[in-house]
Peer 1: 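Okay, handing you the structure first.
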Amino acid sequence: METSREGHWQTRWASERIAEAHLDRSREKFYAVVAYPGPSGFLHIGHLRGLTLADSLHRYYRMAGRSVFFPTGTHASGLPAVVFARKVQEREPTVVAGLKELGVAEETWGELEEPEAAARFLGRSYLELYRRLGILIDESAYVTTVDPDYRAFIQWQFHRLHDGGHLVQAPYYASVCPVCGPISVDPSETDLSLGGNAEIVEYTAVPFPLEDGRTLLAATLRPETVYGVTNLWVHPTEPLSVWHHGDRLYLVSRSAAHRLVEQHGGRVGAEEPIASLFGRRASVPFGDREVPILPSPIVQPTIGTGVVMSVPAHAPADWVALQALSAEERSKVPPVVPEIIFFPPDQPLSESERALLAGDGPPAARAARATGAHSLADTAALEAATERLYRLELAKGRMLPVVVSTLPVPEARERMVTSFGAAGEVGVLREFSEPVICRQGHEVIIRRVPDQWFLHYGDAAWKTTTHELARSLRIVPTEYGRELPSVIDWYDDRPCIRRGRWLGTPFPLDPAWMIEPIADSTFYPAYYVVRPFVASGRLHVSQLTDPFFDYVFLGRGAGEPSVSRSLSEEIRAAFQYWYPLDLNIGGKEHKRVHFPVFLFTHAALLPRELWPKGLLVHWWLVATSGEKISKRHIGTKGGAIPPLQEALTNWGADALRLFQTISASPEQDFEWDPALVDQTRERLTTVERMVREAFQDGGGASPELDAWLEDAAHQLIAHARSSFESLDLRAAAQAVYITFPTTIRRYQTRGGSPGPTLQRIADAWVRLLSPITPHLAEELGDGRFSTLVAAAPFPSPEAFAESLPARHREEYLERLEEDLLSVIKPARDRGEGSEELLLYVAAPWKTEVEQWLEAAPPGQAPTVAEIMQRAGKHPELASARGEIAEYAARRIPKLRNDPPLPTPTFDEAAFLRASEGYLVRRFHVGRVAVYLEQAASEVDPMRRRQRARPGRPAFYFVGPPRR
RNA sequence: GCCGGGGUAGCCGAGCGGCCAAAGGCGGCAGACUCAAGAUCUGCUCUCGCAGGAGUACCCAGGUUCAAAUCCUGGCCCCGGCACCA
């Protein structure tokens with residue numbers, strides 16, 4: 001089919017309004033959504049996967065008789081549109097290329113420099129591409145998350161979440177640029193010029209008071225090791241600053257002082273020359289002892305507080321630094337506490353863990369030795385030693401009883417942090433794991449926000465309900481279902497609003513804040529149901545009040561007074577018809593973000609009977625490098641990922657759709673490979689040709705062969721249906737695009753030709769093609785159905801008669817072909833062939849014997865004597881006793897590998913005779929002769945007949961080579 | 001370390017107790033078609049074979065079973081997520 005024809009069918013679907021949803025109580029409904037895309041740029045083929053899945057499912061269910069609803073929208077919230085608008089402003093080359101490709105007039109580009117306009121523009125461009133992909137979206141429900149009606153909906157949602165106690169306020173430590181304002185630290189964050197992958201590291205600030213009343217504040221990730229401190233490290237030259245906090249004076253590095261002010265208040269004071277500290281002593285918390293302060297190059301003033309507590313027993317770097325000291329300095333350091341963490345025997349160490357701790361000395365010394373870290377210059381080895389030892393101690397270590405009972409390390413750490421807090425100390429210092437620089441070149445910092453609002457996902461009761469919802473879900477793939485409970489458990493309170501420049505809905509409890517984008521996309525399938533009423537003008541935005549939504553979604557209250565009772569009820573009825581949502585479809589990136597919060601929100605807002613019913617997670621189409629497709633993979637050069645428009649022009653929608661569906665299971669990434677798409681398109685060409693041939697008039701085939709084809713069609717259709725029902729579109733595609741053609745090809749090689757049966761089957765086939773390759777289906781079905789194929793009923797297996805005898809006959813023949821082939825192969829390799837094929841059908845008594853053999857209990861081989869005993873009870877077999885014994889003796893040892901075949905339900909000889917023509921062609925023999933084993937006069941030059949078994953004829957190729 | 005997944009023929013990838021020497025695809029070989037190439041179609045593609053046979057196979061080692069790629073135990077390795085990491 002010409003790719004250009006696809007547009008024709010897209011127009012037809014639109015003009016016949018196939019995509020429009022109808023509330024039809026006489027029918028079951030199907031309602032699924034795909035995670036809507038964010039307007040970050042132009043769609044690429046990576047986006048296609050979820051859309052294709054969703055569309056094919058909706059198309060299947062529509063044909064299967066359900067009323068379907070497939071809306072979509074644009075998730076304009078957050079930064080993507082802001083970033084895109086800025087790129088337009090900058091006339092960034094890829095954006096310019098995309099705009100040109102979409103045919104956007106250059107004069108209008110200026111309008112797209114405004115983020116909301118950019119979002120709407122991109123949303124429309126997506127819709128256009130969906131159309132070109134043959135995706136049937138009900139556009140009357142189309143919405144972007146910055147539309148005023150959607151905002152009203154989100155405000156209602158937050159009011160209800162607040163009512164339910166799901167919003168809480170607490171201090172929060174947010175990333176912020178001191179000049180530009182709040183900023184999120186994320187690899188995709190384009191407001192950053194550096195450090196997108198940075199994580200927030202939480203240090204514990206441990207106070208070491210000096211004798212002069214000031215306190216050195218060390219930062220550590222392992223406060224529990226404070227019992228092993230032997231000294232403090234400071235930088236050899238960098239001065240420290242005074243940080244005034246309350247009535248206390250702390251000494252920390254200058255950069256730390258500033259960070260502490262952001263997070264804990266106070267002010268930065270004077271600088272203190274560092275050398276004055278060398279050799280002085282500070283007291284150790286939780287212990288009546290003092291340790292010396294020593295300079296060491298291991299201290300980096302920009303990390304932590306510039307003061308490091310040295311625990312040589314457990315920190316390899318400290319151990320090595322200690323060895324590097326001069327003898328004089330060394331003499332000031334108290335003896336190293338051998339160790340303060342032990343490994344209880346109930347958690348045996350693995351081999352690699354034992355290797356890390358081989359030898360003697362403190363654990364840090366052993367780890368340093370094991371990784372080859374001998375000096376401070378061995379940074380990589382030191383890091384490895386540190387990481388491995390810390391992981392191990394955290395996972396399996398316990399505190400020694402002489403220190404603080406035998407607490408596991410994580411608990412001991414917790415307790416330390418708490419006790420510092422209780423003592424009025426600072427407690428925690430947060431910083432980025434690597435420098436983060438904003439787009440304008442300023443350093444991004446972490447600042448305390450005292451009254452941040454959170455979604456209270458850490459709430460145990462809410463989790464319990466959400467777990468319940470999760471358990472009730474149908475989840476594909478099932479592995480995700482196993483993972484989901486731990487994801488829900490792992491969830492903690494999440495900040496849900498922020499200040500700053502991005503798109504979204506103002507937070508109703510404090511409109512100076514914006515709701516963040518993950519939180520405003522959790523309940524939207526409910527709003528899709530309402531949107532058409534707004535779009536059609538029957539409902540005005542001003543009417544979307546809390547009472548309105550309370551009534552529509554919750555059946556609570558009397559509704560919005562300005563909305564007529566009947567309209568309220570109509571919308572409520574629509575919601576009750578389409579809800580619960582049947583399926584939420586999204587990529588694997590949503591496993592930990594969108595899906596869980598989607599469930600949390602539904603669990604919080606809706607009663608059980610309206611809870612969603614399923615999740616379908618798909619993995620990605622990736623670039624040849626195995627990476628997720630991103631801007632830089634897209635281009636027109638070899639190996640690059642083509643822009644979607646270009647791919648559509650090159651291959652057409654159907655080829656792309658089938659490629660997506662058939663190339664991999666949903667739970668698998670697969671690589672973009674233009675050669676495979678080519679091949680997919682060719683497969684479609686073949687299917688098209690086969691269907692057209694099948695539609696022709698002709699002689700058909702024998703009733704037996706037709707019966708077989710009908711039976712095969714019955715099974716294939718049943719399999720396709722059940723595959724769609726179980727959401728396994730790949731299996732469905734294999735049935736329709738691989739097994740179906742293979743079956744028809746066999747029909748043809750077996751002598752079948754176009755005729756009434758094949759035509760009926762082709763009619764069914766065309767409809768089977770429709771969910772996945774709808775354009776091709778329409779093209780082939782043009783004029784053959786009373787409706788468009790998209791609206792025709794999905795074929796029913798019952799339209800094709802099952803025929804066990806026909807199925808068995810064909811299986812029988814295939815088995816014979818296999819046998820013949822296995823003999824012909826070695827012969828043919830020697831360049832031989834034959835003139836005549838002799839076939840022998842087993843004598844009837846063999847059927848009985850096979851049954852006796854089969855009747856033997858499993859695992860227990862029958863004996864010849866037993867068989868003969870049974871044969872004795874059948875006087876009519878008396879004459880064959882010798883043969884029976886011989887046959888049983890030959891069969892018994894082989895029963896394990898070659899069990900009795902099902903008894904043929906047809907006349908083997910008659911069937912073989914009817915198949916002579918086929919066998920002659922298939923095996924290039926001059927002729928085929930069929931004999932009965934028991935007929936005394938039959939030709940049997942090589943005494944083959946006795947090898948015949950019921951269901952498996954004996955045979956002999958006669959004569960000189962041929963082939 | 002924890003949670004989840006996985007290791008299948010040259011490669012990708014189905015299968016997840018007997019119908020499995022293992023679907024489908026790629027690659028390879030041969031044939032048909034073609035002036036030729038490409039495309040397409042057909043057959044073959046673990047080893048041996050003296051005619052339907054035998055041997056060896058689904059990471060490794062054990063085990064359960066009449067029967068294991070499929071179930072169990074232990075090991076090794078890989079992937080994803082999380083946690084962790086001055």
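The chains referred to below are lettered A, B, ... by the order of the sequence lines, with proteins before strands, and numbering in each begins at 1.
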Peer 1: Using a 4.0 Å heavy-atom cut-off, does A:R947 contact any base of the nucleic acid, only the sugar-phosphate backbone, or nothing at all?
Peer 2: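 Answer is base: heavy atoms of A:R947 come under 4.0 Å of a base.
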Peer 1: Listing time: all N or O pairs from protein to nucleotides 5-8 of chain B that are below 3.5 Å?
Peer 2:
residue : atom : partner : partner atom : Å
B:G5    : OP1  : A:R482  : NE           : 2.5
B:G5    : OP1  : A:R482  : NH2          : 3.1

Peer 1: Looking for any heavy atom pair under 4.0 Å, which part of the strands does A:T739 touch: base, sugar-phosphate only, or nothing?
Peer 2: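 Nothing, no heavy atom under 4.0 Å.
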Peer 1: Please write out each protein N/O paired with an N/O of nucleotides 25-29 of chain B under 3.5 Å, distance rounded to 0.1 Å.
Peer 2:
residue : atom : partner : partner atom : Å
B:G25   : O3'  : A:Q679  : OE1          : 3.3
B:G25   : O3'  : A:Q679  : NE2          : 2.5
B:C26   : OP1  : A:Q679  : OE1          : 3.1
B:C26   : OP1  : A:Q679  : NE2          : 2.9

Peer 1: Compare the minimum distances between each of B:C82, B:A39, B:A51 and the side chain of A:R592, then state the nucleotide with the smallest one.
Peer 2: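 Between B:C82, B:A39, B:A51, the one nearest the side chain of A:R592 would be B:C82.
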Peer 1: Is the gap between the ring centers of A:F659 and A:F670 under 6.0 Å?
Peer 2: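 Yes, the ring of A:F659 comes within the 6.0 Å limit of the ring of A:F670, centre to centre.
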Peer 1: If I pick the C1' atom on B:A68 and the same atom on B:A22, what distance separates them, to the nearest angstrom?
Peer 2: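 Going atom to atom, C1' in each nucleotide, I get 13 Å.
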Peer 1: Think A:R413 has a side-chain N or O under 4.0 angstrom from the OP1 or OP2 of B:C84?
Peer 2: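 So the side-chain polar atoms of A:R413 never come under 4.0 Å of the phosphate oxygens OP1 or OP2 of B:C84.
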Peer 1: Considering only atom P, compute the distance from B:A23 to B:G80 and round it to an integer number of Å.
Peer 2: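 Rounded to whole Å, the distance is 30 Å.
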Peer 1: Expressed in whole Å, how much space separates the P atoms belonging to B:U64 and B:A51?
Peer 2: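 40 Å, rounded to whole Å.
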Peer 1: State which residue, out of A:R689, A:R746, A:M690, fulfils the side-chain contact (heavy atoms from CB on, under 4.5 Å) condition with A:P741.
Peer 2: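 Per the side-chain contact (heavy atoms from CB on, under 4.5 Å) rule, the option paired with A:P741 is A:M690, out of A:R689, A:R746, A:M690.
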Peer 1: Only pairs with both distances under 3.5 Å count, Watson-Crick or wobble alike; so what is the partner of B:G80 in this structure?
Peer 2: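 Per the H-bond distance test, B:C3.
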Peer 1: Does A:R592 make a cation-pi contact with A:W490, if we ask for NZ or CZ under 6.0 Å from the ring centre and within 45° of the axis?
Peer 2: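 Checked: cation-pi criterion met.
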Peer 1: C1' atom, B:U47 versus B:C3: distance in rounded Å?
Peer 2: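 About 43 Å, rounded to a whole number of Å.
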Peer 1: Let's test this: given Watson-Crick or G-U wobble pairing with both distances under 3.5 Å, identify the partner of B:U56.
Peer 2: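 Looking at the geometry, B:U56 pairs with no nucleotide.
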Peer 1: Can you check the distance between B:U70 and B:A21, where both ends of the measurement are the C1' atom (answer in whole Å)?
Peer 2: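 Going atom to atom, C1' in each nucleotide, I get 15 Å.
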Peer 1: Calculate the interatomic distance between A:H808 atom NE2 and B:C19 atom P; express it in whole Å.
Peer 2: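 A:H808 atom NE2 is separated from B:C19 atom P by 17 Å.
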Peer 1: Select base, sugar-phosphate, or nothing to describe what A:S486 touches, counting heavy atoms under 4.0 Å on all strands.
Peer 2: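 Result for A:S486 = sugar-phosphate.
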Peer 1: How long is the line joining CG of A:L820 and C1' of B:C44, in whole Å?
Peer 2: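 Nearest whole value for this atom pair: 17 Å.
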Peer 1: Both A:R745 and A:R952 contact RNA chain B. Taking the nearest nucleotide for each, which residue is further toward the 5' end?
Peer 2: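 Result: A:R745.
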Peer 1: Mind calculating the distance between CG (A:D819) and P (B:A21) to the nearest angstrom?
Peer 2: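 So the two atoms are 14 Å apart, to the nearest Å.
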Peer 1: Ignoring hydrogens and geometry, is there a side-chain-to-backbone donor-acceptor pair from A:R49 to A:G587 under 3.5 Å?
Peer 2: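 No; zero donor-acceptor contacts below 3.5 Å.
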Peer 1: Check the angle between the aromatic planes of A:W672 and A:W651 and answer parallel, tilted or perpendicular using the 30° and 60° thresholds.
Peer 2: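 Geometry flag for A:W651 against A:W672: perpendicular rings.
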Peer 1: Pairs under 3.5 angstrom, nitrogen or oxygen only, protein versus nucleotides 12-16 of chain B, please.
Peer 2:
residue : atom : partner : partner atom : Å
B:G13   : O3'  : A:Q668  : OE1          : 3.0
B:G13   : O3'  : A:Q668  : NE2          : 3.1
B:A14   : OP1  : A:S665  : OG           : 2.9
B:A14   : OP1  : A:Q668  : OE1          : 3.0
B:A14   : OP1  : A:Q668  : NE2          : 3.3
B:A14   : OP2  : A:Q668  : NE2          : 3.3

Peer 1: Are the side chain of A:H467 and the backbone of A:P485 linked by a donor-acceptor contact shorter than 3.5 Å?
Peer 2: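 It does hold such a pair.
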Peer 1: Please state the P separation for the pair B:U8 and B:A14 - nearest whole angstrom.
Peer 2: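 Per the computed distance, 11 Å lies between those P atoms.
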Peer 1: If you measure from the P atom in B:C16 to the same atom in B:C71, how many Å do you get, rounded?
Peer 2: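 So the two P atoms sit 10 Å from each other.
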Peer 1: Mark yes or no for whether A:E202, through its side chain, and A:L429, through its backbone, hold a donor-acceptor pair below 3.5 Å.
Peer 2: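 No, the answer is negative, given that no donor and acceptor are paired below the 3.5 Å cut-off.
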Peer 1: Does A:Q946 offer a backbone N or O that forms a donor-acceptor pair with the side chain of A:K846 under 3.5 Å?
Peer 2: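 At least one qualifying donor-acceptor pair exists.
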Peer 1: Is NZ or CZ of A:R944 both nearer than 6.0 Å to the six-membered ring centre of A:Y956 and within 45° of the ring axis?
Peer 2: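 No, A:R944 does not sit over the ring of A:Y956.
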Peer 1: Atom CZ of A:R222 and atom P of B:C85: how far apart are they, to the nearest Å?
Peer 2: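 It is 8 Å, rounded to the nearest whole Å.
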Peer 1: With a non-hydrogen cut-off below 4.0 angstrom, is A:F955 in contact with a base, only sugar-phosphate, or nothing?
Peer 2: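 Base: the residue A:F955, judged by heavy atoms under 4.0 Å, touches a nucleobase.
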Peer 1: Using Watson-Crick or G-U wobble geometry with both distances under 3.5 Å, which nucleotide pairs with B:C35?
Peer 2: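 Per the H-bond distance test, none.
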